[in-house]
Amino acid sequence: MATMEEEDLSEYFRMQYGQKLLKLLMKFPAPEEQSPSPSIRLLEKKKEATLVHRAMEAQKEAFRTRMEALNNRWEELRAKEIQLKAYIKKFEQFIQENDQKRIRALKKANKEKELKKQRVKELAKAKLDMTVLKQEHQRLFNKLQQYSIFNKYLEKVVEMSEFEEIREVVGRYKTLVGMHQDLMQSAQEGLEMIEQAKVRLSHYTEEKDDEILQHNNELARLQMRFDHARSEVIVWESRWAHIQNTAAKKTLMLGTIKMATLNLFQSVSKQLKETLSVPVEDTHKQLDMIQQFIQDLSDIWAEVKKKDAQNRSMIVVVKDV
């Protein structure tokens with residue numbers, strides 16, 4: 001790896017500084033017209049080669065130093081980039097936490113604001129209630145001042161009566177007032193019950209009169225229907241006798257038809273040479289089977305007639321030929 005780097009550096013310096021060194025060598029003063037000996041020229045060439053080699057080594061060392069400095073700078077920049085990314089991540093986390101704190105603070109502030117509004121409303125309502133209570137207190141106080149005369153009156157009543165305290169008088173009064181109200185309420189309820197009973201009796205009497213009238217009308221109508229029905233009994237009895245005779249004839253005819261149908265169905269079964277699972281009393285099913293048999297025979301007969309006509313036409317054609 002080190003050899004490859006040195007070869008690359010040698011090639012780099014050869015390409016970059018080879019031409020420059022040649023130009024520098026061309027700037028040296030021209031040798032005297034008398035040509036030196038080969039040994040002197042060889043020494044000069046070696047000296048020039050040594051100088052060029054030293055210059056290239058110096059440039060190579062400077063380039064290596066510069067590359068090391070660049071690598072160190074690159075490592076420092078990479079470390080700073082990692083630190084910067086970590087700092088950015090922490091900063092973003094800090095911003096996010098601050099946003100969350102700000103949102104919570106705003107929610108708390110809004111909640112406190114709403115709570116403050118509610119407290120202000122409650123305080124205003126309490127003030128209003130207090131004003132109403134003060135007015136009520138003043139009204140009761142004024143009323144108490146008005147009724148103070150009755151207190152004096154009750155004190156005199158206590159002095160002149162068997163009661164010892166005013167509250168006993170008031171209690172007795174309340175008891176009498178309650179009893180009076182109960183008696184008045186009972187009397188009122190009794191009067192209302194009497195009035196309701198009178199109204200119900202009147203309605204009941206009217207309803208019963210209407211029912212009696214309706215029953216009398218219904219009784220007259222039923223009597224007329226009874227007379228009419230009794231007059232028609234003889235006619236219906238004669239009709240009933242006729243119906244019974246007709247029913248007997250029709251019953252006999254129906255039995256005959258069923259027997260004929262059963263015989264015909266049995267004949268059809270024999271013609272079909274198979275036993276048909278049809279109940280004996282199911283005449284409708286037997287008639288359906290007979291109808292189907294007749295329809296099949298009609299179809300067969302029509303087919304036979306068709307084939308017979310075709311055969312006859314073929315015979316006539318043969319005779320003509």
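In this structure, Lys305 has no salt bridge (charged side-chain N to carboxylate O under 4.0 Å, His left out) partners at least two apart in sequence or on a different chain. Among residues two or more places apart in sequence or in another chain, the salt bridge (charged side-chain N to carboxylate O under 4.0 Å, His left out) test is passed with Lys134 by none. Applying the side-chain hydrogen bond (donor to acceptor under 3.5 Å, both in side chains) criterion to Glu57, with sequence neighbours excluded, gives no partner residue. Residues forming a salt bridge (charged side-chain N to carboxylate O under 4.0 Å, His left out) with Lys208 (at least two apart in sequence, or on another chain): Glu211. In this structure, Glu92 has no salt bridge (charged side-chain N to carboxylate O under 4.0 Å, His left out) partners at least two apart in sequence or on a different chain.
In this structure, NZ on Lys249 lies 10.5 Å from CG on Leu252, to the nearest 0.5 angstrom. Note that NZ of Lys121 is 8.0 Å distant from CD of Gln118, once rounded to the nearest 0.5 Å.
Ring pair Phe94/Phe91 is tilted by interplanar angle, where 30° to 60° counts as tilted.
Within the 3.5 Å criterion, the main-chain N or O of Lys46 finds a donor-acceptor partner in the side chain of Thr50.
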Exercise for the section: Test Glu218 against Leu222 for side-chain contact (heavy atoms from CB on, under 4.5 Å), laying out the working first. Expected result: CA-CA 6 Å; Glu218 184 68 18; Leu222 292 174; 3.9 Å; yes
Problem - His137 and Leu133: CA distance, side-chain angles, deciding distance, side-chain contact (heavy atoms from CB on, under 4.5 Å) verdict - result: CA-CA 6 Å; His137 179 267; Leu133 289 175; over 6 Å; no
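A heavy-atom distance below 4.5 Å is found between the side chains of Lys198 and Ile194. Taking the side chain as every heavy atom from C-beta outward, Met253 and Ile257 approach each other to under 4.5 Å.
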Under 3.5 Å donor-acceptor pairs involving side-chain atoms of residues 69-77, not counting sequence neighbours:
from, atom 1, to, atom 2, distance (Å)
Asn71, ND2, Met67, O, 3.2
Asn72, ND2, Glu68, O, 3.1

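Within 6.0 Å of atom CZ in Arg54, 12 or fewer heavy atoms from other residues, nucleotides or ligands are found, so the atom counts as exposed in its surroundings. In the displayed structure, Arg225 atom CZ is contacted under 6.0 Å by at most 12 heavy atoms of other residues, nucleotides or ligands.
A salt bridge between Glu136 and Arg139 is present, with a side-chain N of the basic residue lying under 4.0 Å from a carboxylate O of the acidic one. With respect to the salt-bridge test (charged N to carboxylate O, under 4.0 angstrom), the residues Glu112 and Lys116 do not qualify.
For Asn142 and Gln138, the side-chain atoms include at least one donor-acceptor pair closer than 3.5 Å.
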